[in-house]
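Only one structure is covered here, and it is reproduced in the block below.
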Amino acid sequence: MLSRKISCDSHGQDSSYFLGWQEYEKNPYDRVQNPNGIIQMGLAENQLSFDLLESWIASNPDAVGLMKNGESVFKELALFQDYHGLSAFKKELVEFMAKIRGNKVKFDPNKLVLTAGATSANETLMFCLADPGDAFLLPVPYYPGFDRDLKWRTGVEIVPIKCSSSNGFKITSSALEEAYDQAQKLGLKVKGVLITNPSNPLGTSTTRDELNSLIDFIIAKNIHIVSDEIYSGTVFDSPSFVSITEAVGSRKLEDTQVWNRIHIVYSLSKDLGVPGFRVGMIYSNNETVVSAATKMSSFGLVSSQTQYLLSQILSDKKFTSKYIKTNRKRLQKRKQLMVSGLKNAGIKCLKSNAGLFCWVDMRHLLKSGSFEAEKELWKRILCDVGLNVSPGSSCHCPEPGWFRMCFANMSVETLKVAMQRVKAFTDSVTSANLASGRWNKHQPLLRNSKTKSMLTRWVCQLASSDCETDR
Ligand SMILES: Cc1ncc(COP(=O)(O)O)c(C=O)c1O
């Protein structure tokens, strides 16, 4: 009765990444109302600099009131229909992107296509660059949403570039070649590589050496590169951020064919912390891609009211300078709080310099080195510890035992509670280990029996064969 597209599950929405969210929504932590609830650590949202935006809005009521020079622009915006977007907004956006990159690169607003978030930008690029059944190579671990965004509606396949903890999950030339060979063995035509720089879930930016290997690779194979730079403004530590445009520019490749195969995805969801506004974009040097993507953007335009408000905010250069600087400092401080909380619980993280999360190494807490054991630990962390974290398997990490934990979507107090829970958990594991050699005999940390039984029921549904409770 229904289409094959909606009947298949290639959207990835039933991965543990999304299922953990659903569970959180049924029982969210609240310090007063629900202190035993689940703390959401699976959401890469930046709430740390919201006050700066709110105070800008409070001092600039005309922007929200759609007034300009004492006159209403309501009618103009309400009737605005051009899918090229407001030129004033695009001009401010490219300046903001350049500022985040230390003004080392310049962007042309004519090469920019507005989309409803980076989600839509990534999908649109897939439609423009690949046919159903073609492949894109992606370094693993990658953002779980890519299975939906890149594959689901386009029919494009993802082939993993296997990165390993042995070198901090860096992209190597041999891993690129291996992925390419793998795609060919599968009979797939490789159309490009997609990287996330800085990486979600690693929280690290791509080094210049990695970018150079990638550029060599796409030249050799005559394919595209898409660089999702949605976290570019979150780089709070060295090494500093190097955009793919800067790396290509420093090799003086602007006048070569490769320039037309470089595409950037960006969005204001993370750097400005406004994912609800759905503002994303494609920046491409390829005129045909820009023209096709502009036409496709009709399926996911950014409201002109939103474009207007954001163009007012971004045109205040004093504000954006302060925002970028303050936001980075706050992220760094917050990340440090999480890293030291985890360290106190005997847990290490991958050394990172960006993002809204840490890539956390819990391999020592697994019962065995398998993905089954990772799932079991994840269930314990969700049900007993009361934290919704993302297991590495949801990011297609090739090694079990890694988890992504977000730190910028909650208050300091909540993060401290989360770290206390982690500490209590690892202490209980240690004592259980000492007592019996089996870490899973620890006491549940969530005392709310209603919560526990509800969670347990759900986990049983999730993994009907292996749900072992310890009530
Ligand atoms: C790497 C990456 N790309 C794209 C997105 C989607 O962003 P948006 O909210 O702008 O659609 C996310 C969101 O988490 C992300 O992490």
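The analysis underlying the following values was restricted to heavy atoms, covering all of them including side chains, and did not include hydrogens, waters or symmetry mates. Whatever order the structure lists them in is the order used to number ligands and atoms, beginning at 1.
For the pair Arg404 and Phe357, the cation-pi test (distance below 6.0 Å, angle within 45°) is passed.
Here is the list of ligand 1 atoms found below 4.0 Å of a heavy atom in Gly117: 10 (O), 11 (O). If you number the atoms of ligand 1 from 1 as listed, the ones under 4.0 Å from a heavy atom of Ile230 come out as 1 (C), 2 (C), 3 (N), 4 (C), 5 (C), 7 (O), 10 (O), 12 (C). Those atoms of ligand 1 that come under 4.0 Å of a heavy atom in Thr196, given as number and element, are 1 (C). Residue Arg278 approaches ligand 1 through these ligand atoms, each under 4.0 Å from one of its heavy atoms: 8 (P), 9 (O), 11 (O). Within ligand 1, counting atoms from 1 as listed, the ones closer than 4.0 Å to a heavy atom of Ser269 are 8 (P), 9 (O), 10 (O). For ligand 1 and Ser267, the ligand atoms under 4.0 Å from any heavy atom of the residue are 10 (O).
Side chain to side chain, Asp316 and Trp56 meet the donor-acceptor criterion of an N or O pair below 3.5 Å.
Using a cut-off of 4.0 Å between Lys/Arg side-chain N and Asp/Glu carboxylate O, Lys348 and Asp361 are scored as not salt-bridged.
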Just list the side-chain donor-acceptor pairs under 3.5 Å for residues 85-97, sequence neighbours left out, or say none.
unit_1: Lys90; atom_1: NZ; unit_2: His84; atom_2: O; d: 2.7
unit_1: Lys90; atom_1: NZ; unit_2: Leu112; atom_2: O; d: 3.3
unit_1: Lys91; atom_1: NZ; unit_2: Glu95; atom_2: OE2; d: 3.4
unit_1: Glu92; atom_1: OE1; unit_2: Lys317; atom_2: NZ; d: 2.5
unit_1: Glu95; atom_1: OE1; unit_2: Lys317; atom_2: NZ; d: 2.8

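Between Asp149 and ligand 1, a contact under 3.5 Å exists for no N or O pair. Of the N or O atoms in Ala118, one or more lie within a sub-3.5 Å distance of an N or O in ligand 1. Residue Asp228 places at least one N or O, backbone or side chain, under 3.5 Å from an N or O of ligand 1.
Aromatic rings of Tyr266 and Tyr283 (six-membered ring for Trp) have centroids beyond the 6.0 Å cut-off, not under it. In this structure, the ring of Phe127 has its center no less than 6.0 angstrom from the ring center of Phe299. For an aromatic pair to be called close, the ring centres must be under 6.0 Å apart, and Trp402 with Phe169 satisfies this.
At least one heavy atom of Tyr231 sits under 4.0 Å from some atom of ligand 1.
In this structure, Tyr143 and Phe146 have perpendicular ring planes: the angle between them is above 60°, well past the 30° mark.
Both the backbone and the side chain of Thr119 come within contact range of ligand 1, each with a heavy atom under 4.0 Å.
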